[in-house]
**Student:** 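I have a structure I would like to understand better, so I am pasting it below and will then ask my questions one at a time.
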Amino acid sequence: MAATALPPPSADAQAHSAHLREVIQEQIIGAGGRIPFWKFMELALYAPGLGYYSAGAHKFGPGGDFTTAPEQSPLFAACVADALSPAIRQAGKGALFVELGGGSGAFAEACLEHLQANGALPARYAILEPSADLRQRQRERLQARLAPALFARVEWLDEPVQQPWDGVLFANEVIDALPTPRFVVRGGEVLEECVALDGEGRFVRAEQPADPLLVAAVRRIEAQLPEPFADGYRSEALAQLPYWVQAVAGGLRNGAMLFIDYGYARGEYYLPERSDGTLRAFRQHHLIDDVFAWPGLQDITASVDFTALAEAGVGAGFEFSGYCSQASFLLGNRLQAHLEAAEAQAVDDIARHNLRQQAKRLTLPSEMGERFQAIGFQRGVELDAAFLVGDLSHRL
């Protein structure tokens with residue numbers, strides 16, 4: 001997807017963005033002239049009532065800014081349901097299914113129906129969704145489309161489940177939206193990228209000495225690479241990822257965690273030629289060069305270091321289950337069978353063609369198949385079988 005120019009947002013949208021821009025400018029001034037990049041990203045995405053994910057803009061699907069796999073096709077949720085069904089059964093009658101960031105509710109709708117068909121319904125299906133606007137949209141969709149008995153199992157969480165619980169945790173395209181620190185290497189030293197203001201109040205890059213946590217994370221990454229980072233090398237290092245994994249798992253005792261996102265194993269993430277990192281922005285399905293443009297109106301995202309995620313999951317006390325591309329994961333969890341079943345129920349040839357196109361978008365290397373990866377963890381249950389096709393754990 002190439003970067004391209006887009007028409008300017010509407011007058012109302014521009015006013016919204018200007019309001020958030022002023023909020024961020026005030027934060028920068030109040031902090032003495034600069035804030036860490038992760039703080040800018042946090043405000044741009046999550047500032048109450050103004051941030052990209054906190055405000056009411058339509059984000060998902062053809063009319064939004066991006067399309068996630070669950071929006072592409074219910075085939076995705078069907079495969080995830082098949083992968084997680086054994087773990088839900090092993091977790092017992094009180095099993096809880098926790099979905100992080102429910103999007104439009106498309107995943108929950110399809111997943112619950114397939115879990116029911118598999119005889120693996122959890123006692124509760126909980127969505128941890130920070131956006132009040134998205135919560136409302138999810139609630140309206142699920143109440144309208146699910147059978148009442150299924151909808152009765154759905155609840156929304158304000159925070160991770162702290163008390164002991166058994167079940168599964170699932171997150172699709174969540175980690176890429178976590179506010180991430182950015183670093184740059186200068187003269188052998190690790191600096192943190194910041195955001196400052198120029199003479200006209202525009203956001204510009206700045207740098208400051210990195211804190212010990214970020215320095216340690218960068219040095220640890222560098223020690224695992226063939227060569228040290230070159231002078232001026234800039235990228236992301238989500239040093240807080242181990243704490244985040246522990247936080248979202250909460251009191252999970254016996255269960256599994258499954259994460260699907262776009263990213264790379266560490267050796268590929270920090271290739272010498274990727275010298276400005278993986279940070280980018282999207283608006284209306286277009287890649288935007290300037291992550292500072294239109295705060296609140298565009299998504300800001302960075303790829304996932306799956307090696308760091310593997311370390312975080314094991315560090316949280318879970319066994320590593322497997323790692324593979326999204327294409328391998330879906331094909332290994334009955335995508336072909338689900339496609340054939342859907343085609344058999346399709347009303348006409350056009351519907352069958354659309355289903356086949358959906359499967360292609362989910363699996364082709366030029367689409368989502370290779371850019372997205374799946375990784376799993378387990379404790380007291382089994383998730384290994386979900387990764388029998390195309391295992392890439394040797395790359396981590």
Side-chain angles (χ1 to χ4, degrees), residues 37-38 41 171-186 188-193 210-249 257-280 300-329 365 368-378 383 387 390-396:
F37 175 80
W38 68 262
M41 185 173 174
N172 180 68
E173 289 197 60
V174 171
I175 298 175
D176 64 83
L178 295 179
T180 179
R182 294 258 292 167
F183 71 88
V184 59
V185 176
R186 298 235 184 259
E189 298 298 318
V190 177
L191 303 177
E192 181 170 17
E193 181 175 306
D211 64 39
L213 182 64
L214 182 56
V215 172
V218 173
R219 293 307 188 200
R220 189 163 181 269
I221 291 166
E222 193 173 42
Q224 297 176 15
L225 300 176
E227 298 178 1
F229 289 123
D231 194 65
Y233 192 94
R234 189 183 301 265
S235 192
E236 305 82 32
L238 194 56
Q240 298 87 348
L241 187 58
Y243 308 104
W244 181 84
V245 170
Q246 292 178 30
V248 295
M257 301 191 297
L258 175 63
F259 302 95
I260 299 179
D261 221 312
Y262 48 84
Y264 315 95
R266 179 165 291 159
E268 188 177 354
Y269 195 109
Y270 297 103
L271 286 171
E273 54 266 34
R274 195 168 279 126
S275 58
D276 198 37
T278 69
L279 190 72
R280 55 225 189 260
I300 303 174
T301 179
S303 296
V304 176
D305 174 356
F306 275 91
T307 302
L309 184 52
E311 293 169 347
V314 173
F318 291 83
E319 295 177 43
F320 174 75
S321 303
Y323 168 63
C324 64
S325 70
Q326 177 175 292
S328 293
F329 180 83
M368 305 179 81
E370 301 298 326
R371 292 188 295 113
F372 284 74
Q373 316 290 315
I375 192 169
F377 305 92
Q378 62 194 42
L383 187 61
F387 296 91
D391 179 62
L392 296 176
S393 57
H394 59 280
R395 292 189 182 179
L396 295 171

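Both backbone and side-chain heavy atoms feed into the values below; hydrogens, waters and symmetry mates do not.
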**Student:** Is there a side-chain contact (heavy atoms from CB on, under 4.5 Å) between L258 and F329? Walk through the geometry before answering.
**Tutor:** CA-CA 11 Å; L258 175 63; F329 180 83; 3.7 Å; yes
**Student:** Give a yes or no answer on whether the side chain of R280 reaches the backbone of T278 with a donor-acceptor pair at less than 3.5 Å.
**Tutor:** yes
**Student:** CZ of R274: more than 12 outside heavy atoms within 6.0 angstrom?
**Tutor:** yes
**Student:** Is the shortest distance from a Lys or Arg side-chain nitrogen in R234 or E193 to a carboxylate oxygen in the other one below 4.0 Å?
**Tutor:** yes
**Student:** Should I175 and L309 count as side-chain neighbours, where that means a heavy-atom distance under 4.5 Å?
**Tutor:** yes
**Student:** For D391 versus G322, what's the shortest heavy-atom pair and its separation?
**Tutor:** OD1-CA, 4.2 Å
**Student:** What verdict does the side-chain contact (heavy atoms from CB on, under 4.5 Å) test give for L178 and W244, after you've listed the backbone C-alpha separation in whole Å, the side-chain angles of each residue and the deciding distance to 0.1 Å?
**Tutor:** CA-CA 9 Å; L178 295 179; W244 181 84; 3.5 Å; yes
**Student:** With a 4.5 Å limit on heavy-atom distance, are the side chains of P181 and L214 in contact?
**Tutor:** yes
**Student:** Identify the residue among Y264, Y323, Y262 that makes a side chain to side chain contact (heavy atoms under 4.5 Å, CB included) with F306.
**Tutor:** Y323
**Student:** Okay, side chain of Q378, backbone of L383: is any donor-acceptor separation there less than 3.5 Å?
**Tutor:** yes
**Student:** Just how far is it from atom CG of D305 to atom CD1 of I221, taken to the nearest 0.5 Å?
**Tutor:** 6.0 Å
**Student:** How many angstroms lie between CZ in R395 and SG in C324, if you round to the nearest 0.5 Å?
**Tutor:** 11.0 Å
**Student:** Assess the residue pair S325 and F372 against the criterion (side-chain contact (heavy atoms from CB on, under 4.5 Å)); give the C-alpha distance rounded to whole Å, side-chain angles, the decisive distance to 0.1 Å, and a yes or no.
**Tutor:** CA-CA 6 Å; S325 70; F372 284 74; over 6 Å; no
**Student:** How far apart are the C-alpha atoms of I375 and F320, what are their side-chain angles, what is the distance that settles it, and do they pass the side-chain contact (heavy atoms from CB on, under 4.5 Å) test?
**Tutor:** CA-CA 8 Å; I375 192 169; F320 174 75; 3.8 Å; yes
**Student:** Measure across G277 and R182 and return the closest heavy-atom pair with its distance rounded to 0.1 Å.
**Tutor:** CA-NH1, 3.9 Å
**Student:** How are the rings of F259 and F377 set to each other: parallel, tilted or perpendicular (split at 30° and 60°)?
**Tutor:** perpendicular
**Student:** Within a strict 4.5 Å, meaning less than it, do heavy atoms of the V185 and E189 side chains meet?
**Tutor:** no
**Student:** Once rounded to the nearest 0.5 Å, what's the spacing between atom OH of Y269 and atom OG of S235?
**Tutor:** 5.0 Å
**Student:** Parallel, tilted or perpendicular: which fits the ring planes of Y270 and F229, with parallel below 30° and perpendicular above 60°?
**Tutor:** perpendicular
**Student:** Closer than 4.0 angstrom, basic N to acidic O: yes or no for R266 and E222?
**Tutor:** no
**Student:** Is the side chain of T301 donor-acceptor paired with the backbone N or O of D176 at a distance under 3.5 Å, no angle test?
**Tutor:** yes
**Student:** Would you mind reporting whether E236 and L279 have side-chain heavy atoms less than 4.5 Å apart?
**Tutor:** yes
**Student:** Whether R371 and D261 form a salt bridge (side-chain N of Lys/Arg under 4.0 Å from carboxylate O of Asp/Glu) is what I want to check.
**Tutor:** no
**Student:** Specify the closest pair of heavy atoms between A237 and V218, including all atoms of both residues, with the distance to one decimal.
**Tutor:** CB-CG2, 4.3 Å
**Student:** Looking only at heavy atoms, what is the nearest atom pair of P242 and A312, with distance?
**Tutor:** CA-CB, 3.7 Å
**Student:** For E370 versus A327, what's the shortest heavy-atom pair and its separation?
**Tutor:** OE2-CB, 4.1 Å
**Student:** Should we say atom CD of Q224 is surrounded by more than 12 heavy atoms from elsewhere, each under 6.0 Å from it?
**Tutor:** yes
**Student:** With a 4.5 Å limit on heavy-atom distance, are the side chains of Q240 and T180 in contact?
**Tutor:** no
